[in-house]
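The next block holds one structure in the form of structure tokens; read it before the comments.
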Amino acid sequence: MAVPGLSWSERALSLVQKMNNFYSPGSSRYQCRPFRVGGKEVGKIPPAVLKELHQFPDIFFFSKAENGAVELNYQLVSYQERSSAMEGVLQKIRAKHKFLCLEGWRDEKYDVKPNFLDQPLMCMERAATSLFGVKRYGVHVNGFTRPDDGQLAMWLGQRSFTKQTYPGLLDNMAAGGIPAQSGIKETLIRECAEEASIPMAIAATAVPVSAISYTHENELGIFPECQFVFDLEVPKEFEPTNADGEMQKFYLWPINKVKDAIVSTDFKPNCAMVSLDFLIRHSYLSPDSESYYQELISGLHQSV
């Protein structure tokens with residue numbers, strides 16, 4: 001529901017600020033320790049997790065300096081050795097039921113690396129990445145078409161009510177995290193097929209247009225995320241249907257209706273950010289009329 005008395009621009013700014021709350025006063029930002037693997041910083045460890053890691057002195061080295069780094073044992077030199085050691089630690093922590101994020105264990109691995117095109121240093125369980133503030137990467141597809149009136153309309157999906165996260169909320173036409181050892185286009189093609197039954201011949205025409213990035217903190221941990229954004233114009237006669245059970249239904253909405261939904265609680269927040277980026281890039285928002293136009297743009301592209 002919209003907050004009474006706030007303009008659309010103010011509500012959009014609130015969304016962007018919420019998704020970047022790690023940079024806000026009161027976050028754990030200044031209490032976190034850098035997490036290093038192979039001498040490279042790959043995350044940030046909050047105090048509650050740091051305390052738990054002290055039980056594994058053979059796996060983690062702790063700098064004695066204030067806010068000094070936590071380093072994965074440098075004697076673990078290969079991708080496989082590091083991944084195996086981390087898996088052992090996480091399984092032991094998981095058995096204690098101390099961290100809510102681990103209750104959503106997926107048996108899905110994400111690569112750990114400073115930047116996306118860097119060589120991965122190891123992999124770890126997706127549900128545990130927020131304990132270490134490890135960067136997560138995903139692909140989001142803005143599906144749109146041009147009905148007979150010539151105006152753009154967007155396809156939005158409604159998430160299944162059985163999803164672990166954000167059940168029943170609006171989502172982009174297709175989206176998903178990039179698993180370990182997977183590429184961006186590969187993930188895009190797979191998610192388009194699984195989530196919206198988009199044929200490869202159509203999905204392959206998706207155009208890379210943007211990357212939004214932000215760092216969000218909540219009760220599950222720290223989420224530095226980068227979403228690679230694609231625009232995909234689908235034929236007017238095409239209608240997406242779900243294949244993997246993750247989407248409940250799809251809606252084809254005019255842009256004004258999408259704009260209203262972005263600032264409501266009906267939209268998965270990071271997907272709302274992707275749709276907001278679409279509106280900006282396609283000139284549906286103007287710096288002459290949106291009070292926080294610059295703040296919205298900078299909030300969509302924070303360094304993570």
Side-chain angles (χ1 to χ4, degrees), residues 106-111 113 115-120 123 126 135-148 150-213 225-255 258 261 267-268 270-279 281-282:
R106 296 171 178 243
D107 287 317
E108 180 182 346
K109 298 294 192 295
Y110 274 4
D111 277 329
K113 46 193 174 181
N115 297 293
F116 185 76
L117 290 180
D118 292 339
Q119 189 71 19
C123 66
R126 172 178 177 169
K135 293 179 184 178
R136 296 154 51 115
Y137 297 91
V139 174
H140 286 245
V141 180
N142 291 302
F144 70 97
T145 190
R146 301 175 193 270
D148 292 335
Q151 299 299 312
L152 291 188
M154 287 188 73
W155 280 106
L156 300 179
Q158 182 185 26
R159 296 164 67 83
S160 167
F161 291 110
T162 61
K163 287 281 287 181
Q164 280 189 357
T165 57
Y166 302 100
L169 295 192
L170 294 172
D171 204 326
N172 305 123
M173 185 172 69
I178 301 176
Q181 307 296 299
S182 296
I184 298 171
K185 199 64 178 283
E186 171 191 0
T187 302
L188 180 149
I189 297 294
R190 182 181 62 251
E191 294 296 338
C192 281
E194 293 177 353
E195 291 196 350
S197 301
I198 303 171
M200 183 181 295
I202 295 177
T205 66
V207 179
V209 290
S210 184
I212 69 165
S213 51
E225 297 191 334
C226 174
Q227 312 295 352
F228 296 106
V229 180
F230 288 72
D231 285 354
L232 174 59
E233 183 170 4
V234 298
K236 287 189 292 185
E237 65 275 11
F238 175 78
E239 184 171 346
T241 57
N242 185 241
D244 63 3
E246 293 196 3
M247 288 291 186
Q248 191 78 13
K249 61 176 68 174
F250 289 89
Y251 303 97
L252 181 61
W253 282 358
I255 296 300
V258 175
F267 223 126
K268 184 172 180 276
N270 70 326
C271 298
M273 297 261 282
V274 173
S275 294
L276 173 61
D277 177 67
F278 182 92
L279 265 62
R281 289 185 292 99
H282 288 267

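Between Arg136 and Arg126, the shortest heavy-atom contact is NH1-O, 3.4 Å. Across every non-hydrogen atom of Leu170 and Phe267, the tightest pair is O-CD2, 3.4 Å. When all heavy atoms are compared, the tightest approach of Lys185 to Ala203 is CE-O, 4.5 Å. Contact between Gly245 and Ser160 at its shortest, heavy atoms only, is O-CB, 3.3 Å. Shortest non-hydrogen contact noted between Asp111 and Pro120 is CG-CB, 3.7 Å.
At a threshold of 4.5 Å between non-hydrogen side-chain atoms, the residues Leu169 and Lys163 do not count as touching. Using a 4.5 Å heavy-atom threshold, the side chains of Gln181 and Cys123 count as separate. Between Met273 and Gln227 the shortest side-chain heavy-atom distance does not fall below 4.5 Å. Within the 4.5 Å cutoff, the side chain of Lys135 has no heavy atoms near those of the Phe116 side chain. Taking 4.5 Å as the limit, every side-chain heavy atom of Val258 sits out of range of all side-chain heavy atoms of Phe278. When side chains are defined from C-beta on, Leu232 counts as touching Ile198, because their heavy atoms get closer than 4.5 Å. Counting heavy atoms from C-beta on, the side chains of Glu239 and Leu252 never come closer than 4.5 Å.
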Going by atom type alone, with no hydrogens or angles, which donor-acceptor pairs under 3.5 Å involve a side-chain atom of residues 172-179 and a protein atom two or more places apart or on another chain?
unit_1 : atom_1 : unit_2 : atom_2 : d
Asn172 : OD1    : His140 : ND1    : 2.7
Asn172 : ND2    : Cys271 : O      : 3.3
Asn172 : ND2    : Ser275 : OG     : 3.3

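Residues satisfying the side chain to side chain donor-acceptor pair (under 3.5 Å) criterion with Thr205, sequence neighbours excluded, are absent altogether. Every residue two or more places apart in sequence or in another chain that forms a side chain to side chain contact (heavy atoms under 4.5 Å, CB included) with Pro199 is listed here: Ile202, Phe238.
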Inset, instruction - Go through the steps to decide whether Arg281 and Val209 satisfy the test side-chain contact (heavy atoms from CB on, under 4.5 Å), and finish with yes or no. - result: CA-CA 9 Å; Arg281 289 185 292 99; Val209 290; 3.4 Å; yes
Legend entry - Candidate pair Leu276 and Ile212, rule side-chain contact (heavy atoms from CB on, under 4.5 Å), full reasoning: CA-CA 10 Å; Leu276 173 61; Ile212 69 165; over 6 Å; no
Inset, instruction - Show your reasoning for whether side-chain contact (heavy atoms from CB on, under 4.5 Å) applies to Asp244 and Asn242. - result: CA-CA 6 Å; Asp244 63 3; Asn242 185 241; 2.9 Å; yes
Inset, instruction - Step by step, work out the side-chain contact (heavy atoms from CB on, under 4.5 Å) result for Glu246 and Glu194. - result: CA-CA 9 Å; Glu246 293 196 3; Glu194 293 177 353; over 6 Å; no
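Rounding to the nearest 0.5 Å places CD of Glu195 at 10.0 Å from CZ of Arg190. Distance check, rounded to the nearest 0.5 Å: CG of Leu156 to CZ of Phe250 gives 10.0 Å. Taken to the nearest 0.5 Å, the NE2 atom of His282 stands 8.0 Å off from the CD1 atom of Ile255. A distance of 9.5 Å separates CZ in Arg146 from CD in Gln151, rounded to the nearest 0.5 Å. Here the OH-CG distance, from Tyr166 to Asn270, works out to 7.0 Å after rounding to the nearest 0.5 Å. Taken from CD1 in Ile184 to OH in Tyr137, the straight-line distance is 9.5 Å, to the nearest 0.5 Å.
In this structure, a donor-acceptor pair under 3.5 Å is absent between the side chains of Thr187 and Ser182.
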